[in-house]
Number of protein chains: 2
Amino acid sequence: MAPKLNVRHASQVACRDCSLSPLCLPLALKIEDIDDLDDIIKRGRPLKKGEHLFLEGDAFHSVFAVRSGALKTYTSTNEGEEQITEFYLPSELVGLSGLDTDTYPVSAQAIETTMVCEIPFDKLEKLADSHPALRRQIMRVMSKKIREDQQMKLLLSKKNADERIATFLINLASRFRRRGFSSQSFRLSMSRNEMGNYLGLAVETVSRVFTRFQKAELIHANGKEIEITNAMDLCTLAGGKLSDTPEVVNIQ
Amino acid sequence: MAPKLNVRHASQVACRDCSLSPLCLPLALKIEDIDDLDDIIKRGRPLKKGEHLFLEGDAFHSVFAVRSGALKTYTSTNEGEEQITEFYLPSELVGLSGLDTDTYPVSAQAIETTMVCEIPFDKLEKLADSHPALRRQIMRVMSKKIREDQQMKLLLSKKNADERIATFLINLASRFRRRGFSSQSFRLSMSRNEMGNYLGLAVETVSRVFTRFQKAELIHANGKEIEITNAMDLCTLAGGKLSDTPEVVNIQ
DNA sequence: ACACTCTATTGATAAACAACAATGTCAATA
DNA sequence: TATTGACATTGTTGTTTATCAATAGAGTGT
């Protein structure tokens with residue numbers, strides 16, 4: 001339950017004092033270089049649920065690291081319905097898909113109260129010019145995103161509703177665990193609707209799968225509070241190769 | 001019909017003489033620097049249809065630019081069925097999703113006789129260290145891939161069979177056009193089966209949609225030969241925002 | 001505490017697509 | 001010209017999941 005890392009939420013924590021630094025961009029930098037990164041980072045007020053960080057079509061100028069809370073990114077289909085492309089949790093980097101165009105290709109919106117670190121991209125690029133490790137880290141983040149998208153495409157084109165939800169929960173669990181939180185028990189930051197949208201399912205289907213999973217005693221769900229009661233079977237259902245989620249296999 | 005660019009298929013064309021260079025990595029380089037890139041490129045014998053460039057799990061060492069022919073990349077689900085993650089046409093770069101791990105996360109296989117330029121990644125990285133434009137180009141390629149994957153996820157989670165096929169054809173047309181070929185009339189390098197696999201559809205569904213499209217006089221298909229007879233309506237069906245495929249809207 | 005709205009659940013029905021099966025087409029090879 | 005095998009098409013049947021509708025529950029603001 002309790003975080004293993006001493007997470008601080010104060011507004012103006014410097015990178016060198018931030019508990020997320022071993023997961024975030026600073027991981028590429030030597031101690032003495034972290035302040036260089038810190039110098040270019042802008043930290044604003046928290047975003048309230050529903051507020052946008054940027055809109056699709058806005059001029060691209062910065063990438064953002066989530067400090068606390070959660071974001072979603074989405075595009076709009078031409079019929080005006082939204083398609084959620086990703087959820088972002090603390091330490092994760094938002095906005096990198098825009099860097100080959102002059103505008104953001106998606107909108108980014110807070111799904112709960114959220115704090116971000118803004119990193120102006122021109123300055124980041126300049127810093128990367130003198131810090132090869134930083135630029136390799138950025139490439140790694142992008143490469144990882146491409147691999148995750150491949151998994152997601154597999155999910156969307158081959159998996160059924162049960163497998164999609166199982167995969168989603170296992171993936172969330174492993175992301176919580178990485179940050180030092182329990183992977184057994186956590187709170188979903190997104191609604192059933194958002195989950196369904198992301199997974200290519202109707203809300204009703206999501207709801208029914210949750211009910212089914214509870215009857216099968218795979219999970220216990222109370223609103224957004226989730227407890228994974230049978231991680232092994234859930235993992236098997238997810239059907240993802242274990243290599244994709246090694247962290248979660250190791251049950252505490 | 002006839003290629004606008006004077007495409008050469010000889011085995012040992014240098015970057016500076018390659019007709020694809022304005023679409024490929026060299027586009028980031030000044031004339032005098034292109035030879036530096038050329039020096040690190042290895043050009044092997046052509047791959048026959050079905051031959052692999054690399055297998056999932058192989059040690060990651062190189063990225064590859066397709067010179068002629070076509071490749072697919074795929075992963076295997078744990079039930080052993082393959083999921084095609086992408087098709088690669090000439091000038092496109094394969095293998096970038098592996099660069100944050102030590103192994104390729106997908107297998108790459110020729111779907112017709114194919115020639116590639118192999119670019120050892122350690123050398124490319126070293127070259128990029130001294131050529132900022134080159135490394136920005138690599139980032140752009142990755143960023144573009146992420147955006148395309150977003151569109152693909154949208155396709156897989158929101159579009160029906162007709163829309164998927166229409167989107168796929170429009171996308172192929174625009175890629176042909178970019179290389180100076182006709183976007184009205186071209187030859188598919190993949191089978192119906194591979195197309196269905198990629199688009200999350202059964203072969204039979206692909207076949208039926210093709211039949212339907214012909215009856216509606218949107219396309220004329222004869223085996224793998226495709227002629228787009230009503231690009232406007234096909235585009236509308238694809239439902240992709242026009243901004244995603246600006247090249248194809250301009251009907252010759 | 002109250003209405004009010006948004007979100008979640010559950011049931012009934014319908015649509016889209018997959019799965020299966022049979023047949024047809026084409027190309028390579030004998 | 002047969003023969004084989006891979007690929008494509010078409011019809012039939014079956015499953016899954018979306019859609020519609022009704023209800024219940026949670027959260028918000030007055």
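Every chain is numbered from 1 and lettered A, B, ... according to where its sequence line falls, protein lines coming before strand lines. Atom set for the values below is all heavy atoms of this structure, side chains included, hydrogens, waters and symmetry mates excluded.
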Task: Base versus backbone protein contacts along nucleotides 13-30 of chain D [heavy-atom cut-off under 4.0 Å; B, S, -] - done: ----SSBBB---------
Task: Residue pair B:Gln150 / A:Thr75, side-chain donor-acceptor N/O under 3.5 Å - done: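 There is no such pair (donor and acceptor under 3.5 Å, judged by atom type) between the side chains of B:Gln150 and A:Thr75.
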Task: Side-chain donor/acceptor of B:Arg164 to backbone N/O of B:Leu156, under 3.5 Å - done: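 Looks like yes, one N/O pair under 3.5 Å.
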What integer distance in Å separates [X]:[atom1] from [N]:[atom2]?
X	N	atom1	atom2	result
B:Asn193	C:dA19	CG	P	12 Å
A:Met195	C:dT9	CE	C1'	14 Å
B:Lys224	D:dT9	NZ	P	11 Å
A:Ile165	C:dT9	CD1	C1'	14 Å
A:Glu194	C:dC6	CD	P	14 Å
B:Met190	D:dA6	CE	C1'	18 Å
B:Lys158	C:dA16	NZ	C1'	16 Å
B:Glu163	C:dA16	CD	C1'	12 Å

TODO: Under the side-chain hydrogen bond (donor to acceptor under 3.5 Å, both in side chains) rule, collect the residues that match up with A:Asn193, sequence neighbours excluded.
DONE: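 Partners of A:Asn193 by the side-chain hydrogen bond (donor to acceptor under 3.5 Å, both in side chains) criterion come out as none, since no residue qualifies.
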- [ ] Tell me, please, which residues at least two apart from A:Phe54 pass ring pair (Phe, Tyr, Trp, His ring centres under 6.0 Å).
- [x]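 Counting only residues at least two positions away or on another chain, A:Phe54 forms a ring pair (Phe, Tyr, Trp, His ring centres under 6.0 Å) with A:Phe64, A:Tyr104.
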TODO: Using salt bridge (Lys or Arg N to Asp or Glu O under 4.0 Å) as the criterion, point out the one residue from A:Arg175, A:Arg178, A:Lys144 that pairs with A:Glu92.
DONE: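 Exactly one pass, corresponding to A:Arg175.
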Task: Spacing of B:Gln83 atom CD and A:Ser157 atom OG [to the nearest 0.5 Å] - done: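 The CD atom of B:Gln83 sits 3.0 Å away from the OG atom of A:Ser157.
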Open item on the list: Using 0.5 Å steps for rounding, measure from the CG atom of A:Asn171 to the CD atom of A:Glu148.
Closed with: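 Reported value, rounded in 0.5 Å steps: 7.0 Å.
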Let me check something: any side-chain donor-acceptor pairs from residues 197-208 of chain A under 3.5 Å, sequence neighbours excluded? List them with distances.
| unit_1 | atom_1 | unit_2 | atom_2 | d |
| --- | --- | --- | --- | --- |
| A:Asn197 | OD1 | A:Ile84 | N | 2.7 |
| A:Asn197 | ND2 | A:Glu82 | O | 2.7 |
| A:Tyr198 | OH | A:Glu86 | OE2 | 2.9 |

- [ ] May I ask you to say what B:Ser191 touches in the nucleic acid, namely base, sugar-phosphate or nothing, with a heavy-atom cut-off under 4.0 Å?
- [x]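 If one applies the 4.0 Å heavy-atom cut-off, B:Ser191 turns out to touch the sugar-phosphate alone, with no base involved.
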Determine all donor-acceptor pairs shorter than 3.5 Å in which one atom belongs to a side chain in residues 219-229 of chain A; sequence neighbours excluded.
| unit_1 | atom_1 | unit_2 | atom_2 | d |
| --- | --- | --- | --- | --- |
| A:Thr229 | OG1 | A:Glu217 | O | 2.9 |
| A:Thr229 | OG1 | A:Leu218 | O | 3.0 |
| A:Thr229 | OG1 | A:Ile219 | N | 3.3 |

Open item on the list: Let me check the geometry of the helix from C:dA1-D:dT30 to C:dA30-D:dT1. What is the bend angle between the axes at its two ends, five pairs each, to 10°?
Closed with: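 The helix from C:dA1-D:dT30 to C:dA30-D:dT1 shows an end-to-end axis angle of 40°.
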